[in-house]
**Student:** 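Shown below is the structure under consideration.
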Amino acid sequence: MRDPYSVLGVKRDAPADEIKAAWRSKAKSIHPDQNRDDPNASQRFAEVGQAYDVLKDPKKRDRYDQARKVAAQKHREQTIMQQREAAREAAERAKAAEKLMEELAKAEARKPQGTASGKPADATASEAPEDMLERIFGAQARQQQAKASASDSSTSGTTGTSGNGTSDETQAYSETDASGDKTPAAIAAAGSFITSLFKRLTGTSQVIEKAPDITAEATVTVSDFLEKKSVSLTLSDEREVRFQIEPGMTDGHIVRLKGQGLKIPGMQRGDLTITLLAARSDNFRINGYDIHTPLSVSLQDAVLGCETTLQAPEGEISVTVPAWSGSDQTIRIPGKGLYDDKGERGDLVMEIRIVLLEKPDEKVTDLMRHMRQGLYL
């Protein structure tokens with residue numbers, strides 16, 4: 001279930017009477033009997049009921065608030081653990097790099113000694129990168145490096161990304177060998193550095209591992225979508241980011257901000273993905289690129305038809321209600337909705353709501369009684 005506060009459109013510190021009023025208003029406007037042309041009406045009505053069931057009970061509301069705080073804290077802790085793990089792996093790669101550089105320095109130091117004396121240079125001096133890799137880290141490291149090179153050549157230099165956010169190149173070093181044993185930790189830690197060094201020596205392009213992404217949510221109003229306003233958002237690490245609403249964005253759209261995710265030494269910075277959530281309102285609801293709004297009509301106007309006005313997101317508009325309009329009908333005004341990715345606009349959809357007089361009327365009551373009994377004057 002989504003956040004009950006967002007479903008009802010109330011603040012987290014809203015009092016009980018405000019929550020109850022919001023629930024009544026929502027339940028009335030989205031009731032399935034009033035939205036027979038909407039296949040999702042029953043689902044939305046049930047969602048509002050579940051949200052009110054959680055927030056109307058102080059104990060349930062307190063448990064939800066506590067669970068949400070725990071989940072937020074857990075997310076922050078996971079982010080910190082990811083940063084620590086990445087730092088540890090970077091330190092292990094640095095140690096492996098230091099060891100490899102020492103061997104390269106030794107080989108370079110032996111090379112002039114052999115040539116100056118007229119003797120053949122030491123075999124290590126002309127040692128190929130593949131042979132040096134095997135001598136320092138063992139045969140398994142060379143096998144793993146060969147697998148990585150073969151994978152790179154088969155994909156024409158492109159690197160895929162696995163479901164957990166790590167590159168295929170890194171995953172290659174964590175696989176089991178033919179005997180079923182795990183690759184030694186030192187080889188796994190040094191794998192990415194060795195591969196990058198080997199690629200540099202052999203002229204192959206280097207691929208930098210990417211840090212995990214950060215996910216967030218932003219509440220956007222209908223006017224923000226229409227006016228393409230700039231939206232600001234404060235992240236869990238207290239950073240404030242801003243982005244511009246663009247055509248094609250709507251409720252549920254995911255905005256990806258490159259290089260705004262986790263920042264880990266030795267890795268390419270991750271991205272920030274923001275899910276746009278349309279602000280809940282009693283007057284307007286977003287469905288795709290269409291804007292839905294209720295249109296209250298009296299019983300006599302619904303039967304006879306009328307001319308009325310409606311307060312739309314961009315100002316007051318005139319509406320013609322056809323005769324014999326029921327609560328299961330809608331009136332569409334094209335080009336008054338949100339902007340799609342082609343620059344075109346959706347529709348403003350008015351959902352007719354038949355309302356009775358504030359006080360009972362004897363004539364109307366008598367007429368309805370005669371209609372029920374099949375008697376007409």
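Heavy atoms only: backbone and side chains are in, while hydrogens, waters and symmetry mates are out.
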**Student:** Show me, pair by pair, the donor-acceptor contacts under 3.5 angstrom made by side chains of residues 252-261, not counting sequence neighbours?
**Tutor:**
unit_1	atom_1	unit_2	atom_2	d
Arg256	NH1	Asp213	OD2	3.1
Arg256	NH1	Asp271	OD2	3.1
Gln260	OE1	Arg239	NH1	3.3

**Student:** For His31, which residues count as a ring-ring contact (aromatic ring centres under 6.0 Å, His included) partner, sequence neighbours excluded?
**Tutor:** Phe45
**Student:** By side chain to side chain donor-acceptor pair (under 3.5 Å), which residues pair with Arg269, not counting sequence neighbours?
**Tutor:** none
**Student:** Among the clusters formed by ILVMFWY side chains lying less than 4.5 Å apart, do Val355 and Val364 turn up in the same one?
**Tutor:** no
**Student:** Listed by chain and number, what are the salt bridge (charged side-chain N to carboxylate O under 4.0 Å, His left out) partners of Asp57, not counting sequence neighbours?
**Tutor:** none
**Student:** Tell me whether Lys60 is salt-bridged to Asp53, with the criterion being a basic N under 4.0 Å from an acidic carboxylate O.
**Tutor:** yes
**Student:** Asp340 side chain to Gly343 main-chain N or O, any donor-acceptor pair under 3.5 Å?
**Tutor:** yes
**Student:** Please identify each residue that fulfils side chain to side chain donor-acceptor pair (under 3.5 Å) with Asp361, with sequence neighbours left out.
**Tutor:** none
**Student:** Which salt bridge (charged side-chain N to carboxylate O under 4.0 Å, His left out) pairs, counting each pair once, include a residue from residues 307-322, with sequence neighbours left out?
**Tutor:** Glu314-Arg345
**Student:** Please give me the minimum heavy-atom distance between Val48 and Ala27, naming the atom from each residue.
**Tutor:** CG1-N, 4.4 Å
**Student:** If hydrophobic clusters are built from ILVMFWY residues whose side chains come within less than 4.5 Å, do Ile354 and Leu367 share one?
**Tutor:** yes
**Student:** What pairs with Glu351 under side chain to side chain donor-acceptor pair (under 3.5 Å), at least two apart in sequence or on another chain?
**Tutor:** Arg285, His292, Arg353
**Student:** Please tell me whether Leu277 and Leu8 are part of a single hydrophobic cluster in this structure, the criterion being side-chain heavy atoms less than 4.5 Å apart.
**Tutor:** no
**Student:** Sub-3.5 Å donor-acceptor pair from the side chain of Thr293 to the main-chain atoms of Phe284, do we have one?
**Tutor:** no
**Student:** Using residues 222-234 as the side-chain source, report each donor-acceptor pair under 3.5 Å to any protein atom, sequence neighbours left out, with the distance given to one decimal.
**Tutor:**
unit_1	atom_1	unit_2	atom_2	d
Ser223	OG	Thr221	OG1	3.1
Asp224	OD1	Thr221	OG1	3.3
Asp224	OD2	Thr221	N	3.3
Asp224	OD2	Thr221	OG1	2.9
Glu227	OE1	Lys229	NZ	3.4
Ser230	OG	Arg242	NH2	3.4

**Student:** What residues, two or more places apart in sequence or in another chain, satisfy salt bridge (charged side-chain N to carboxylate O under 4.0 Å, His left out) together with Arg24?
**Tutor:** none
**Student:** From Leu310 CG over to Met350 CE, what is the distance, rounded to the nearest 0.5 angstrom?
**Tutor:** 6.0 Å
**Student:** Keeping the roles fixed (side chain from Tyr289, backbone from Gly248), state whether a donor-acceptor pair exists under 3.5 Å.
**Tutor:** yes
**Student:** Is a donor on one side and an acceptor on the other found under 3.5 Å between the side chain of Ser25 and the backbone of Ala22?
**Tutor:** no
**Student:** Under the side-chain contact (heavy atoms from CB on, under 4.5 Å) test against Thr250, which residue among Asp290, Ile286, Asn287 passes?
**Tutor:** Ile286
**Student:** Tell me, which pairs form a ring pair (Phe, Tyr, Trp, His ring centres under 6.0 Å) where one or both residues lie in residues 5-29, sequence neighbours left out?
**Tutor:** Trp23-Tyr52
**Student:** List for me each residue that meets side chain to side chain contact (heavy atoms under 4.5 Å, CB included) alongside Pro360, sequence neighbours excluded, and say none if there are none.
**Tutor:** none
**Student:** Salt-bridged, Asp366 to Arg369, with N to O below 4.0 Å?
**Tutor:** yes
**Student:** Once side chain to side chain donor-acceptor pair (under 3.5 Å) is applied, do any residues pair with Asp251, and if so which ones, sequence neighbours excluded?
**Tutor:** none
